[in-house]
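Here the structure comes first, spelled out in structure tokens, and everything after it is commentary.
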2 protein chains.
Amino acid sequence: MSKGGYEQFCPVAMAAEVLCTRWTIVLLRELMAGSTRFNALRRGVPRMSPALLSQRLKELEAAGVVAKSGSGNGQAGSEYRLTEAGRELIPLIQAFGFWGQRWIDAELSLSRLDVQLLMWDMRRNLDPDPLPPRRSVIRFRYDDAVAAQALWWLIVEPGVGVDLCSVDPGHDLDVEVRADVRTMTAIWMGHETVKTALADGRLSVEGDRDLCGSMQTWLGLSPFASTPKPALGTEAG
Amino acid sequence: MSKGGYEQFCPVAMAAEVLCTRWTIVLLRELMAGSTRFNALRRGVPRMSPALLSQRLKELEAAGVVAKSGSGNGQAGSEYRLTEAGRELIPLIQAFGFWGQRWIDAELSLSRLDVQLLMWDMRRNLDPDPLPPRRSVIRFRYDDAVAAQALWWLIVEPGVGVDLCSVDPGHDLDVEVRADVRTMTAIWMGHETVKTALADGRLSVEGDRDLCGSMQTWLGLSPFASTPKPALGTEAG
DNA sequence: CCGTATCCGGACGGATACTG
DNA sequence: CAGTATCCGTCCGGATACGG
């Protein structure tokens with residue numbers, strides 16, 4: 001095949017030519033989640049090499065899915081955003097997520113643990129509404145993570161947003177959450193609940209009474225957490 | 001990366017790991033279109049090597065998307081069908097098609113001409129209802145195709161189905177359609193109509209008056225032909 | 001007819017280091 | 001911060017040949 005195409009006029013094949021190259025779908029998910037800068041995208045796709053990221057962004061730009069802004073002469077400050085065509089891919093990416101949540105074995109997902117991605121996602125989806133109308137500081141401690149990734153602070157400033165630090169920001173703590181990475185990821189993905197994890201001691205939450213009690217509420221889950229699982233008794237996998 | 005995975009627990013990434021390897025989406029489209037045998041699948045994905053097709057089918061089987069039937073000891077007569085999980089991918093594949101039809105430049109699609117795929121698709125989507133309640137034989141002649149792919153017969157037997165031959169089946173003709181591959185593909189994809197192609201002479205239809213007149217009706221178009229194109233004036237691609 | 005195995009060359013992708 | 005350059009391994013495509 002000359003140059004990676006499928007040589008089929010069928011629109012499915014044409015679209016797959018653009019979208020089904022390595023990392024592209026994951027990169028689009030990251031763009032949809034709101035990252036626009038090169039290094040922000042790298043955080044969301046940490047195992048993708050910068051060379052390939054650069055190449056994919058150019059390809060998506062050429063395909064009309066992404067638009068680059070801000071690079072007059074230098075390239076400082078340039079941002080990548082979805083075009084109209086790119087925004088119309090949102091339901092498609094969501095379809096990947098729903099299908100994956102529904103049909104990929106939870107054990108398989110939980111063999112791909114990554115604290116950094118987890119915390120970044122939690123930052124994005126945390127719901128400040130159940131929190132008190134003042135700054136709240138929540139520390140996560142992962143005893144099974146490497147030292148540099150064991151402690152994380154989520155700082156919620158009402159009306160401002162949510163900040164994530166992996167170094168002590170120096171504020172007083174309202175809550176400390178303690179778990180292993182797997183348990184916290186399982187909760188985040190909706191495979192179990194705060195309650196069940198507390199019950200058998202794999203999770204502990206200490207500090208402000210109200211915040212501890214409402215953790216399942218303010219902890220926003222993955223956008224796919226509520227996807228129904230298939231009924232039992234379907235064909236074997 | 002060890003072995004092609006993305007190492008992300010995110011269900012989008014997990015699903016992309018299964019679905020976004022080379023040829024996989026196109027193969028799934030073919031399975032959805034109803035092909036079940038190895039060589040039938042090869043016809044629909046002609047540029048995929050048999051080794052890779054075999055490998056992908058095994059991967060999809062392992063992922064629970066496809067089930068193989070009929071291979072007790074030998075492998076003769078085995079068939080591949082979508083499982084429940086596979087059938088739930090149908091909307092996702094359709095989303096690829098709709099997006100491709102809407103956002104991929106028609107000229108780009110029309111640079112991927114393939115008479116064989118075109119005729120096979122036409123066979124699948126032809127609508128016998130507007131045809132008379134007897135056998136109809138329609139011959140397509142493509143003057144710009146290589147000799148072996150210049151002549152095609154569609155034989156419609158009411159109540160039985162539609163047959164496609166590239167050698168003369170020996171029946172009397174009801175209609176002969178004559179065009180270049182590009183024109184016929186453009187019509188099939190909904191980028192132009194029988195009427196416009198007839199008007200400037202790139203298409204000619206001769207034979208039975210009624211059948212000639214109703215060609216746009218009995219010629220079923222691509223499932224994506226009716227997808228609306230984006231309004232003018234959106235961002236550049 | 002229905003696949004599987006192998007070999008080879010080329011394109012793609014990963015890791016690392018480096019520059020404006 | 002925003003990418004490039006380089007090196008090297010792996011995957012893919014094409015051809016061919018072989019077994020059920």
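Naming: A, B, ... by sequence-line order, numbering from 1 per chain. Because the structure is a prediction, the values reported are computed rather than measured.
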Nearest to the side chain of [X] - [options]?
{"X": "A:Ser49", "options": "D:dC12, C:dG3, C:dA15", "value": "C:dA15"}
{"X": "A:Asn39", "options": "D:dC1, D:dC12, D:dA5", "value": "D:dC1"}
{"X": "A:Arg22", "options": "C:dT4, C:dG13, D:dA2", "value": "C:dG13"}
{"X": "A:Ser54", "options": "D:dA2, C:dC2, D:dT4", "value": "D:dT4"}
{"X": "A:Pro50", "options": "C:dT6, C:dC2, D:dT4", "value": "D:dT4"}
{"X": "A:Lys58", "options": "D:dG14, D:dA2, D:dT4", "value": "D:dT4"}
{"X": "A:Phe38", "options": "C:dG13, C:dC2, D:dA2", "value": "D:dA2"}
{"X": "B:Gln55", "options": "D:dA2, C:dT16, D:dC12", "value": "D:dC12"}

Whole angstroms only, please: what is the [atom1]-[atom2] distance between [X] and [N]?
{"X": "B:Met48", "N": "C:dT4", "atom1": "CE", "atom2": "P", "value": "12 Å"}
{"X": "A:Leu57", "N": "D:dA2", "atom1": "CG", "atom2": "P", "value": "12 Å"}
{"X": "B:Glu61", "N": "C:dT4", "atom1": "CD", "atom2": "C1'", "value": "15 Å"}
{"X": "A:Ile25", "N": "C:dG13", "atom1": "CD1", "atom2": "P", "value": "14 Å"}
{"X": "B:Leu27", "N": "D:dG13", "atom1": "CG", "atom2": "P", "value": "12 Å"}
{"X": "B:Glu79", "N": "C:dC1", "atom1": "CD", "atom2": "C1'", "value": "14 Å"}
{"X": "A:Arg42", "N": "C:dA15", "atom1": "CZ", "atom2": "C1'", "value": "11 Å"}
{"X": "B:Trp23", "N": "C:dC12", "atom1": "CH2", "atom2": "P", "value": "14 Å"}

Compare side-chain N and O positions of [X] against OP1 and OP2 of [N] and report whether any pair is under 4.0 Å apart.
{"X": "A:Arg37", "N": "D:dG3", "value": "no"}
{"X": "A:Ser78", "N": "D:dC1", "value": "no"}
{"X": "B:Tyr80", "N": "C:dG3", "value": "yes"}
{"X": "A:Lys68", "N": "D:dA2", "value": "no"}

Exercise. Just by distance, with hydrogens left out, do A:Thr227 and A:Arg102 show a side-chain donor and acceptor under 3.5 Å apart?
Worked result: no
Problem set entry | Side chains of B:Glu88 and A:Trp99, donor plus acceptor under 3.5 Å |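 No - no donor-acceptor pair under 3.5 Å links their side chains.
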For this session: State which residues pass ring pair (Phe, Tyr, Trp, His ring centres under 6.0 Å) with B:Phe98; sequence neighbours excluded, sorted by chain then number.
Result: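 Testing B:Phe98 for ring pair (Phe, Tyr, Trp, His ring centres under 6.0 Å), a comparison that skips the adjacent residues, returns B:Phe224.
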For this session: Check side chain to side chain donor-acceptor pair (under 3.5 Å) between A:Thr183 and all other residues, then give those that pass, not counting sequence neighbours.
Result: A:Asp180, A:Arg202
Do any side-chain atoms of residues 25-32 of chain A form donor-acceptor pairs under 3.5 angstrom with protein atoms, and if so which ones, sequence neighbours left out?
{"unit_1": "A:Arg29", "atom_1": "NH2", "unit_2": "A:Gly44", "atom_2": "O", "d": "3.2"}
{"unit_1": "A:Glu30", "atom_1": "OE2", "unit_2": "A:Ser35", "atom_2": "OG", "d": "3.1"}
{"unit_1": "A:Glu30", "atom_1": "OE2", "unit_2": "A:Arg124", "atom_2": "NH1", "d": "3.2"}
{"unit_1": "A:Glu30", "atom_1": "OE2", "unit_2": "A:Arg124", "atom_2": "NH2", "d": "3.3"}

Problem set entry | side-chain contact (heavy atoms from CB on, under 4.5 Å) partners of B:Cys165, counting only residues at least two apart | B:Trp153, B:Ile155, B:Pro169
Exercise. Under the salt bridge (charged side-chain N to carboxylate O under 4.0 Å, His left out) criterion, do A:Lys58 and A:Glu61 qualify, and how do the steps go?
Worked result: CA-CA 5 Å; A:Lys58 280 175 186 158; A:Glu61 204 184 346; over 6 Å; no
Problem set entry | Inter-end axis angle, the helix from C:dC2-D:dG19 to C:dG20-D:dC1, with every axis fitted to five base pairs (rounded, 10 degrees) |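 Axis-to-axis angle, ends of the helix: 40°.
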Indicate every side-chain donor-acceptor pair of residues 112-119 of chain B with a distance under 3.5 Å to a residue at least two apart or in another chain.
{"unit_1": "B:Arg112", "atom_1": "NH2", "unit_2": "A:Glu17", "atom_2": "OE1", "d": "2.5"}
{"unit_1": "B:Asp114", "atom_1": "OD1", "unit_2": "B:Gln116", "atom_2": "N", "d": "3.0"}
{"unit_1": "B:Asp114", "atom_1": "OD1", "unit_2": "B:Leu117", "atom_2": "N", "d": "3.0"}

